[in-house]
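Right, one structure below, let's go through it.
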Protein chains: 2
Amino acid sequence: MTRSEENYIKTIFHLGGNKSVPVTTNAIAEQMETKPSSVTDMARKLGDKGLVHYKKYQGVFLSEKGIKTALGIIRKHRLWETFLVQKLDFSWDEVHEVAEQLEHIKSEKLIDELDAFLGFPKYDPHGDPIPTRDGEFHEQEKEKKLLSDLPVGIKGICAGVKDSSASFLQYLDKHGIAIGQSIHILGKEEFDNSLYLRIGEREHTVSHLIADNIYLIRE
Amino acid sequence: MTRSEENYIKTIFHLGGNKSVPVTTNAIAEQMETKPSSVTDMARKLGDKGLVHYKKYQGVFLSEKGIKTALGIIRKHRLWETFLVQKLDFSWDEVHEVAEQLEHIKSEKLIDELDAFLGFPKYDPHGDPIPTRDGEFHEQEKEKKLLSDLPVGIKGICAGVKDSSASFLQYLDKHGIAIGQSIHILGKEEFDNSLYLRIGEREHTVSHLIADNIYLIRE
DNA sequence: ATATTTTTTTAGGGATGTCTAAAAGGGTTG
DNA sequence: CAACCCTTTTAGACATCCCTAAAAAAATAT
């Protein structure tokens with residue numbers, strides 16, 4: 001598998017092409033910041049290799065083999081992100097670019113040893129589940145809910161984010177919000193739905209837009 | 001810098017092309033298991049980029065910029081090898097292939113954090129010095145070892161001889177052993193300590209006396 | 001249902017990096 | 001110095017992966 005093929009497979013997975021629901025050529029092109037004609041080329045190629053099902057003008061979706069491949073790449077990506085944050089003091093917003101490179105390193109042993117070294121983590125620093133080597137996700141133990149959907153008074157643990165853009169992650173970093181951080185919803189402003197929170201020791205006000213992108217697990 | 005360019009730079013460095021001593025096209029081709037014509041193409045390209053000095057029919061050697069680049073790659077390679085052995089329980093013979101991939105990851109921060117995480121090691125698991133981020137070796141001499149002192153499995157480059165008598169040099173010539181020639185130690189005869197070698201394309205048996213007079217630089 | 005717009009594919013080309021085959025250069029030896 | 005041989009370069013080609021421009025198909029609007 002080439003690096004480029006892997007990137008296409010991963011993108012198709014993330015766009016939802018894992019449940020026999022086809023993803024369109026344009027959607028892939030936009031996501032990957034490339035041109036539709038390039039996507040068509042690759043779609044045919046991946047189809048020939050049995051990684052996706054592709055019919056002209058009908059988009060692509062992953063085959064069984066394609067899903068397995070995608071989960072393998074996602075596993076690598078998330079383990080590397082975990083490593084970067086836990087061991088090398090990267091902040092959330094710095095990991096993605098490097099993990100994008102590291103996820104293409106080819107070595108079964110490397111990734112399994114890394115998994116062990118990290119203590120077989122179930123979630124990456126963004127709170128997303130890490131597939132096992134057999135390609136299965138760990139079940140989410142408790143329900144993960146958006147901060148914006150929870151009532152005043154709730155105490156919980158920050159479990160992940162919906163938006164993982166660099167700017168959002170930088171915002172979180174600046175305000176001391178991180179995975180595992182305890183968050184207490186102190187109040188809600190009716191006018192604009194902003195929230196008063198206690199985050200660790202400090203109190204903050206966050207807008208509805210922010211609250212709508214942070215997942216909490218109730219204690 | 002592309003991955004391929006980096007590999008050429010590294011190879012030229014290892015073949016000794018860092019001291020204004022040119023390395024031949026054939027030596028590079030053999031070392032990289034590619035064809036001389038490919039090497040010529042790349043030599044011109046690296047020359048245009050100012051990484052090597054190249055004149056037709058006269059081989060290449062690294063420019064200042066090329067040496068800096070080479071040291072950066074070697075630094076990454078050796079830090080990753082150290083990581084693999086110390087933290088992920090790789091054995092020394094398993095690391096090379098994976099480190100060859102990891103050395104091309106592009107991130108200043110990554111490599112500096114890795115360096116810190118490992119406690120700023122001065123030597124890699126093979127005992128070879130790790131260049132600092134400023135491109136200086138902790139110890140200047142590149143490791144040149146006698147063939148007779150190395151274990152089975154080692155691949156290296158012929159770097160010189162201890163005995164330089166005419167008869168010995170003639171022997172070497174007759175058997176296709178020359179500076180820059182790649183040598184792989186395939187096995188050792190316990191009875192008389194003679195070695196089975198692959199020299200370039202051919203396999204040879206050499207006595208302990210011969211092996212005790214040839215210096216190798218490990219890859 | 002036909003015209004228009006959007007999406008997708010095809011056709012053809014460029015950059016990188018590889019190869020084979022043939023030509024050119026350089027070194028050795030009679 | 002001339003013939004030979006080995007090294008190196010050139011020429012031309014192929015695969016990958018990307019692009020632009022134009023054609024074809026599908027979706028949408030009138």
Side-chain angles (χ1 to χ4, degrees), chain A residues 1-12 15-17 21-49 51-61 73 100-101 104 106, chain B residues 1-12 15-17 21-49 51-61 69 73 100-101 104 106 158 166 169-170 172-182 199-202:
Chain A
M1 284 222 78
T2 68
R3 175 162 306 222
S4 189
E5 286 168 359
E6 289 189 349
N7 282 330
Y8 274 93
I9 291 290
K10 191 180 60 159
T11 299
I12 293 164
L15 289 175
V21 179
V23 177
T24 67
T25 301
N26 263 7
I28 297 167
E30 191 177 324
Q31 178 69 22
M32 297 189 68
E33 296 182 317
T34 182
K35 302 294 166 186
S37 55
S38 304
V39 176
T40 299
D41 286 351
M42 186 57 84
R44 183 176 301 113
K45 191 175 160 196
L46 294 176
D48 291 347
K49 290 197 175 190
L51 290 158
V52 303
H53 297 285
Y54 170 59
K55 276 190 194 144
K56 288 203 315 193
Y57 298 104
Q58 309 205 163
V60 294
F61 60 92
I73 300 164
E100 291 269 278
Q101 297 182 62
H104 298 293
K106 278 157 192 62
Chain B
M1 284 225 76
T2 67
R3 176 162 305 224
S4 190
E5 285 168 359
E6 289 189 349
N7 282 330
Y8 274 94
I9 292 291
K10 193 181 58 159
T11 299
I12 293 164
L15 289 175
V21 179
V23 177
T24 67
T25 301
N26 263 8
I28 297 168
E30 188 177 327
Q31 177 66 23
M32 297 189 68
E33 296 182 317
T34 183
K35 302 294 165 185
S37 54
S38 306
V39 176
T40 299
D41 286 350
M42 185 58 85
R44 183 174 301 114
K45 190 175 163 196
L46 294 175
D48 291 347
K49 291 197 173 191
L51 290 158
V52 303
H53 297 286
Y54 169 60
K55 275 189 195 144
K56 288 201 317 194
Y57 297 104
Q58 307 203 166
V60 294
F61 60 91
T69 305
I73 301 164
E100 291 269 279
Q101 299 181 62
H104 298 294
K106 278 158 192 63
C158 178
L169 295 179
Q170 276 162 21
L172 297 178
D173 213 53
K174 203 161 69 185
H175 291 78
I177 302 172
I179 298 288
Q181 180 71 54
S182 95
I199 299 170
E201 297 296 298
R202 292 189 181 172

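These numbers come from the heavy atoms of this one structure, side chains and all, not from hydrogens, waters or symmetry mates. Just so it is clear: chains get the letters A, B, ... in the order the sequence lines come, proteins before strands, and each one is counted from 1.
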Side-chain N or O of [X] less than 4.0 angstrom from OP1 or OP2 on [N]?
X        : N       : value
Ser4(A)  : dT16(D) : no
Thr40(B) : dT9(D)  : yes
Asn26(B) : dC6(D)  : no

Residues that [X] engages under side chain to side chain contact (heavy atoms under 4.5 Å, CB included), provided they are two or more places apart:
X        : value
Pro22(A) : Phe61(A)
Thr69(B) : Met1(B), Ile9(B), Leu51(B), Ile73(B)
Gln58(A) : Lys55(A)
Ser38(B) : Tyr8(B), Thr34(B), Lys35(B)

Ile199(B) side chain reached by His175(B) side chain, heavy atoms, under 4.5 Å
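His175(B) does not reach Ile199(B) side chain to side chain.
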
Can you name the side chain to side chain donor-acceptor pair (under 3.5 Å) partners of Lys56(B), sequence neighbours left out?
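Partners of Lys56(B) under the side chain to side chain donor-acceptor pair (under 3.5 Å) test: none.
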
Check nucleotides 21-28 of chain C against the protein and report each pair of N or O atoms closer than 3.5 Å, with its distance, or say if there are none.
unit_1	atom_1	unit_2	atom_2	d
dG25(C)	O4'	Tyr57(B)	OH	3.3

Both Tyr54(B) and Lys35(A) contact DNA chain D. Which one's nearest nucleotide lies toward the 5' end?
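Taking each residue's closest nucleotide, the earlier one in sequence belongs to Tyr54(B).
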
Just how far, in rounded Å, is C1' of dT16(D) from CZ of Arg3(B)?
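Rounded to the whole Å, the gap is 15 Å.
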
